[in-house]
Structure formats: structure tokens, C-alpha cells
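One structure is given below, encoded as C-alpha cells.
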There are 2 protein chains.
Amino acid sequence: MKDVAARAGVGLKTVSRVVNGEPGVTLETESRVRAAIEALGFRRNDSARVLRKGRTASIGLVLEDLADPFYSPLSRAVEEVARANGSLLFAGSSAEVPEREQELALALCARRVDGLVIVPASEDHRYLEPEIAAGVATVFVDRPAGRIDVDTVLTDNAGGARDAVAHLIAHGHRAIGFIGDTEGIYTADERVRGYHEAMASAGLPVDEGWVSMGPTSPERVRSELDRMLSGPAPVTAVFSGNNRVTVTAVRVLADRPDPVALVGFDDFELADLLRPGVTVIAQDPVRLGRTAAELLFRRLDGIAEPPRRVELPGRLVARGSGEIPPPSA
Amino acid sequence: MKDVAARAGVGLKTVSRVVNGEPGVTLETESRVRAAIEALGFRRNDSARVLRKGRTASIGLVLEDLADPFYSPLSRAVEEVARANGSLLFAGSSAEVPEREQELALALCARRVDGLVIVPASEDHRYLEPEIAAGVATVFVDRPAGRIDVDTVLTDNAGGARDAVAHLIAHGHRAIGFIGDTEGIYTADERVRGYHEAMASAGLPVDEGWVSMGPTSPERVRSELDRMLSGPAPVTAVFSGNNRVTVTAVRVLADRPDPVALVGFDDFELADLLRPGVTVIAQDPVRLGRTAAELLFRRLDGIAEPPRRVELPGRLVARGSGEIPPPSA
DNA sequence: CTGAAAGCGCTTACAG
DNA sequence: CTGAAAGCGCTTACAG
């Protein structure tokens with residue numbers, strides 16, 4: 001910038017004015033400056049700009065896995081809102097490792113992102129308190145924050161799970177299995193809670209072998225399903241706790257001679273093309289992401305109100321697999 | 001930092017040393033500095049650091065759509081390599097709009113990203129020349145750059161398309177339709193080229209109604225398929241040009257009374273669970289992303305060699321739909 | 001082991 | 001309409 005000013009024979013401030021399109025520069029001066037910029041291949045350095053201005057016009061997104069079919073539309077929605085607000089997006093995957101979430105979030109804060117959208121992997125977010133106090137707008141999405149009070153956007157997981165299980169009960173099932181994600185993950189805990197509530201409110205007992213929480217690896221899901229479907233108190237229907245479990249469940253059930261009812265949490269592409277179509281509780285990842293990002297930019301616009309908690313409903317989509325009656329019926 | 005130094009009663013440089021874990025500080029001094037950092041809630045500002053150091057330890061990724069099931073694993077792979085190299089990732093979607101690609105890429109350069117991984121939406125990338133000259137490492141992936149010579153990582157699209165069509169020919173088909181993406185998109189053009197080459201090398205004529213290029217919207221794909229399957233020279237097999245076309249094609253063919261052979265470019269989840277399973281030419285988006293990012297960091301490590309062009313093979317995965325014989329056979 | 005000075009490339013507040 | 005000075009928060013190169 002100094003070189004440009006020298007070459008154009010003007011002051012630094014004048015170059016700054018031209019680069020930023022500010023008024024108060026003669027057309028002739030401006031064209032001289034532009035020529036110098038061109039000749040020198042000048043490119044403004046936004047880092048220096050940031051240092052003076054405070055705002056970086058960038059936000060950070062920390063989630064579990066950028067490649068997950070549930071989170072990638074959520075990311076895209078956050079990106080769109082950022083774009084509409086003139087911001088760029090940093091994105092990082094925690095891979096469900098608490099230390100990695102923290103490392104990412106703090107690295108983004110050190111870059112002075114204006115705000116942070118977080119799908120947490122950890123349970124204690126007090127490490128963010130100094131950042132929030134320093135003005136970093138923060139919104140949690142899909143799962144709540146731990147030990148701090150911030151804006152949060154969630155799906156009604158327990159409600160969705162209740163609907164799923166009630167649907168199976170309405171179709172005549174009494175022995176219903178649940179295969180969920182690892183205990184401690186908020187959504188997993190909420191969904192198993194919804195399962196128990198629905199069974200209880202229908203007056204149905206739950207055999208201890210019917211509920212299985214753990215990693216969503218195909219191996220585990222397959223063996224747990226096989227166990228539930230045979231054994232002393234076999235289930236006649238299965239509620240799968242998320243999209244990855246559902247995909248494996250579909251594979252396993254396809255190999256069995258008798259049809260078994262299935263409802264999955266989370267929708268997925270082609271669910272309607274399988275035979276039978278897969279009945280699901282659909283979340284709306286785009287709306288989750290959009291709502292979270294909009295909340296973030298409201299804060300950045302200076303809206304000061306107590307932290308909000310927004311809960312979006314799940315939606316039951318019946319496609320066939322959830323309407324299969326129990327064998328005896 | 002100044003405040004911390006004052007409070008600890010040391011020089012600025014000593015604070016810097018403690019913050020950066022550099023040697024040459026007494027344990028006692030260090031603990032005094034740490035206490036001051038704690039008390040003042042000090043957070044290092046990386047923007048200032050960047051201003052001095054040159055490197056920002058961040059790279060940018062510009063692609064078509066972060067939520068696309070093909071690009072989201074590619075993004076994740078780029079992110080992993082960035083992480084392994086201590087870099088953060090900016091990610092942005094061009095939505096196939098050339099101006100948006102350019103706007104994003106230049107905004108990232110203004111933030112002084114160290115490097116750029118680009119899935120281009122435009123055909124002329126000379127706008128990047130000043131940036132590249134200024135030291136921004138740049139790698140193109142999935143589609144080549146236009147009018148500049150840079151590192152590029154591609155799938156062998158024409159080769160994959162030839163394999164797909166040859167496979168259908170080997171199963172007895174002579175009237176084979178192709179539904180591709182919009183003309184002008186590199187991968188679309190390469191795949192239609194492969195289609196024609198395979199037909200030609202088998203000595204088969206191509207009816208002009210058998211090839212259709214355009215948007216991948218379900219409406220267009222459906223109407224074009226219906227047209228190709230009826231009319232004067234109906235096809236007995238279809239080669240679909242990408243994952244979105246394939247998904248619609250599966251839906252359309254499922255509604256038809258007679259089985260029609262189908263091979264799709266790009267693999268997709270659950271392709272094996274459909275009846276029949278869908279035969280595809282599988283690309284490896286993770287490997288594309290990883291290779292591109294590794295090439296980028298090689299450049300950042302100072303490797304100076306002529307731009308490289310890496311081409312990864314596609315892989316035919318036979319699952320049933322591509323092995324359906326023509327009706328007369 | 002420690003620190004004062006200069007500077008990275010911009011913008012802000014002010015004066016002309 | 002234009003510019004010189006100060007400063008954003010760090011690091012570099014040097015001296016003690």
C-alpha cells in the first residue's frame with residue numbers, strides 16, 4: 001500500500017479510500033491510484049484490516065463430521081446465512097472427540113471469528129466463557145451446551161422418539177427393540193428416554209434385552225439386532241436411533257425371512273425407494289442450521305436478550321416398514 | 001499483551017515467549033506471566049500474529065455444494081489433511097455460479113489463506129494469477145482449471161464412462177441412452193465423450209435422441225427418460241451421468257413394467273440395497289480430496305516442480321441393474 | 001535469561 | 001479533496 005501511494009504520488013489514506021470505495025477522491029487521482037495498484041499487483045491484506053476494525057466477517061462451525069449426510073446440509077445452511085451476512089465460514093469436524101471440539105473452537109476464537117456455531121462433542125463448555133465474555137457470539141445446535149447458558153437450537157428428540165414408538169404400538173407391537181448411539185450423547189439419551197416414555201404410557205413392560213446403546217458401527221448394530229430378534233423375548237419391531245443405525249438395520253432385516261417392523265430416527269435419501277419404504281422420524285437439518293446461524297447474526301447485530309432455546313419438531317413419515325404388523329396379528 | 005506484561009512486571013517479549021512456549025524463561029517468571037494472563041483473561045490475537053508471520057495456517061476450499069453427498073466426503077478429506085498440517089479450513093459453495101466461485105476465491109485470498117483447493121464453476125481462472133504469483137498455493141480438483149497451469153486432481157471420467165457403456169454392450173445392449181449434466185461442465189463433457197467412444201469402438205450407431213445433456217432436475221431427467229424409452233428408437237439400457245441423475249433414474253425405472261438396464265456414474269449409499277442393486281462407476285471422493293490437499297501442502301513445503309496432473313481411475317461395481325439383458329435377448 | 005525498538009499493513013481521528 | 005501521525009497486537013532482530 002505504501003508502494004502504491006509512492007508510485008501514484010499520493011498519501012496512504014488516499015489509496016485506502018480508493019481500495020475501499022470511499023468517497024472524496026477526484027476521478028483523476030483515483031485512476032492514477034488504480035494504475036499503480038494494477039502495475040504493482042497490489043492485494044489488500046485483510047489481516048491488517050481485521051486488526052484495526054475488530055470484526056473479521058468470518059464465523060466458525062464446529063460439528064461432528066462434515067461428511068455426515070445429516071450434518072452436511074446443516075453446514076450448507078449455516079454457510080448460506082453467513083454469506084447473506086457477508087461472512088466467510090470456517091468449518092471443522094470434532095469426530096466426536098471432546099478435546100478436538102475444544103481445540104477447534106479455541107483455534108477459531110484465536111482467529112477472532114465473530115461467532116461460533118457448535119454441535120458439541122463435550123459436556124463442559126466453561127472453556128468458552130472468556131471468549132463469550134470477550135464478545136464471540138455463540139450458538140449451539142443439535143445438542144445443548146454444558147454448564148454455560150447460550151442460544152441453543154434443537155430437535156425435539158424425545159418427542160420424536162415417542163411418536164416413533166407410539167406408531168409401532170398403534171400397529172400392534174408390544175415387543176419393541178431400541179438400538180441407539182452411545183450413552184452420554186445428548187440426542188441418544190433423549191431418544192431412549194422417549195422410547196421408555198412411550199412404552200410406559202402404553203403400559204408396556206420393557207425387557208432389559210430390548211434396549212442397546214453404543215457405537216453405531218455396523219458390526220455392533222448387526223449383532224445386537226440378531227440378539228434381539230432371536231433369544232427368549234424376541235422383538236417384533238425395531239426403533240433405530242439414528243441414520244447410521246437405520247442403514248445397517250435395513251441391511252440386516254433384508255436378510256431375514258420374516259418381515260420385521262422398523263422406524264428410524266432421521267430421514268435419508270432413497271428411504272422411499274427401498275422395499276418396503278423405510279418409515280422415519282424426519283428432522284430438518286437445513287432448518288436447524290439456518291435457525292442457529294440466524295440467531296448468531298441477531299446477536300452480532302447487537303440484540304441483547306436472554307439466551308434462547310428453540311426446539312424444532314420431528315415429523316413422522318410413514319413409508320411401509322413402520323406399518324408392518326407383528327407376526328401373530 | 002501490553003497489560004499482561006505490565007501486570008507481571010516483565011517485557012512484552014517475555015509474554016510472547018510464554019504464550020508461544022518458547023524456551024528461555026525462568027519458571028518463576030513464567031508463572032508470574034501465567035497468573036497475569038489468567039487474571040486479565042488474555043487471549044492471543046492471531047490476526048496480529050499473521051500480520052507479522054506471513055503464514056495464516058489456514059486454507060480455503062471452494063466447491064459446488066458442501067451438502068452434496070459427493071463433495072462432503074471430499075471436503076472432510078481436505079479438512080483432515082489440513083488438520084494434520086496444523087491448518088484450519090475455510091469452506092464455501094459456489095452453487096455452480098462462476099461469479100460466486102471467483103468472489104469466494106478472492107475473498108479467501110484477501111484473508112491470506114496459505115492455499116486454495118478449488119472445484120471450479122468457471123472456465124477462466126486467470127483472475128487467480130496475481131494471487132498465485134503472490135504465493136497462494138492452488139490445486140484444482142474434480143475439474144481442471146481454465147487458462148492457467150496448476151496442480152490438478154481428476155477422476156478419469158471418459159475412461160469410466162467407456163467402461164460403463166462397454167459393460168452394457170457386453171450384456172447385449174445396442175440401444176443405450178445417456179443422460180448427463182449440463183454441457184460445459186467438464187465432467188459432463190468427458191463422460192459424454194466416453195459414451196461416444198465406447199459406442200464407436202463397438203461399431204454401434206448412436207441415435208440423436210439417445211443423448212441428453214442438461215440440468216439434473218428430477219423433472220428433466222424423468223421426461224427425457226420417458227422420451228428415450230418410448231418413441232421410434234427406444235433404448236434398452238441407460239447410462240446416467242452422475243449421482244443425482246441416477247437417483248431419479250432409479251425412481252423412474254421402478255415405475256416401469258419391464259426392467260431396463262442402468263449403470264450410473266458415481267456410487268451412492270444403499271445402492272446395493274435397492275432391487276435390483278444399482279451398478280455404478282464408483283469414484284473415490286475421499287482420495288480425490290486427500291490427494292489434492294496433500295499436493296497443496298507439498299507446495300507449501302516449498303516443493304518447486306512443474307504443475308502436476310493426477311488422474312484417478314473409476315471402478316465399475318456390478319450389482320444387478322447393469323447386468324439386465326435387453327428384452328429380446 | 002530478559003527487554004526496548006522497529007515494523008507487519010492497514011484504519012482512525014484529525015488537520016489542512 | 002487530501003495527507004501525516006498514531007496505533008491495532010503481535011514478532012523479529014538485536015543488545016544487554
Side-chain angles (χ1 to χ4, degrees), chain A residues 1-37 40-58 106-114 130-131 134-136, chain B residues 1-37 40-58 86 106-107 109-114 130-131 134-136:
Chain A
M1 189 142 153
K2 207 168 52 186
D3 299 340
V4 172
R7 183 176 180 116
V10 300
L12 265 180
K13 177 60 199 166
T14 303
V15 178
S16 173
R17 275 196 262 267
V18 171
V19 171
N20 295 306
E22 289 167 26
V25 183
T26 344
L27 245 64
E28 195 244 314
T29 313
E30 176 171 346
S31 66
R32 224 166 54 235
V33 172
R34 290 210 181 284
I37 288 177
L40 267 42
F42 168 80
R43 316 174 306 139
R44 183 174 72 191
N45 184 334
D46 275 9
S47 305
R49 178 162 227 249
V50 158
L51 193 54
R52 284 300 322 224
K53 295 217 105 169
R55 284 262 184 118
T56 57
S58 59
L106 290 178
L108 292 168
C109 289
R111 301 301 170 87
R112 292 295 187 273
V113 290
D114 299 328
E131 311 297 335
V136 179
Chain B
M1 189 143 153
K2 206 168 54 185
D3 299 340
V4 172
R7 184 176 181 117
V10 300
L12 265 180
K13 177 60 201 166
T14 303
V15 178
S16 173
R17 275 197 262 267
V18 171
V19 170
N20 294 307
E22 288 167 25
V25 182
T26 345
L27 245 64
E28 194 242 315
T29 314
E30 176 171 345
S31 68
R32 226 167 52 236
V33 172
R34 290 211 180 283
I37 287 176
L40 267 40
F42 168 79
R43 316 176 305 140
R44 183 174 70 189
N45 185 334
D46 275 7
S47 305
R49 179 161 226 248
V50 158
L51 192 54
R52 284 298 324 221
K53 296 216 103 171
R55 286 261 183 121
T56 57
S58 59
L106 291 177
C109 289
R111 299 304 170 84
R112 291 295 188 271
V113 291
D114 299 328
E131 310 298 335
V136 179

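Chain letters run A, B, ... following the sequence lines, proteins first and then strands; every chain starts at 1.
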Under 4.0 Å, heavy atoms only, any strand: does A:V50 hit a base, just the sugar-phosphate, or nothing? nothing
Can you check each nucleotide of nucleotides 10-16 of chain D against protein heavy atoms at under 4.0 Å and return B for base, S for sugar-phosphate only, - for none, in 5' to 3' order? BBB----
Contacts of B:R49 meeting salt bridge (charged side-chain N to carboxylate O under 4.0 Å, His left out) (sequence neighbours excluded), chain-then-number -> none
Donor-acceptor pairs are to be reported for all side-chain atoms of residues 30-37 of chain B against protein atoms at under 3.5 Å, with residues two or more places apart or in another chain.
| residue | atom | partner | partner atom | Å |
| --- | --- | --- | --- | --- |
| B:E30 | OE2 | B:R34 | NE | 3.1 |
| B:E30 | OE2 | B:R34 | NH2 | 3.1 |
| B:S31 | OG | B:E28 | O | 2.9 |
| B:R32 | NE | B:A8 | O | 3.0 |
| B:R32 | NH1 | B:E28 | OE2 | 3.0 |
| B:R32 | NH2 | B:A8 | O | 3.3 |

In which stems does DNA chain C show up, taking only runs of three or more Watson-Crick or G-U wobble pairs whose two distances fall under 3.5 Å? C:1-3 with D:14-16, C:5-12 with D:5-12, C:14-16 with D:1-3
Contacts of B:A57 meeting side chain to side chain contact (heavy atoms under 4.5 Å, CB included) (sequence neighbours excluded), chain-then-number -> A:R111, B:S87
Under the side chain to side chain contact (heavy atoms under 4.5 Å, CB included) rule, collect the residues that match up with A:R52, sequence neighbours excluded. none
Write out all pairs satisfying salt bridge (charged side-chain N to carboxylate O under 4.0 Å, His left out) with one or both partners inside residues 6-24 of chain A, taking only residues at least two apart or from two chains. A:K13-A:E22
Establish, with yes or no, whether the OP1 or OP2 oxygen of C:dC1 is under 4.0 angstrom from a side-chain nitrogen or oxygen of B:T26. no
List in chain and number order the residues that pass side chain to side chain contact (heavy atoms under 4.5 Å, CB included) with B:A48, two or more places apart in sequence or in another chain; answer none if no residue qualifies. A:L51
Candidates A:V19, A:T29, A:T26 - the one meeting side-chain contact (heavy atoms from CB on, under 4.5 Å) with A:T14: A:T29
Measuring to OP1 and OP2 of D:dC8, would you say a side-chain N or O of B:S47 lies under 4.0 angstrom away? no
Residues passing the salt bridge (charged side-chain N to carboxylate O under 4.0 Å, His left out) test with A:R112, sequence neighbours excluded, are none
Quick one: label B:T29 by what it contacts on the DNA or RNA (base, sugar-phosphate, nothing), any heavy atom closer than 4.0 Å. sugar-phosphate
Value in whole Å for how far the P atom of D:dG9 lies from CG of B:L40: 13 Å
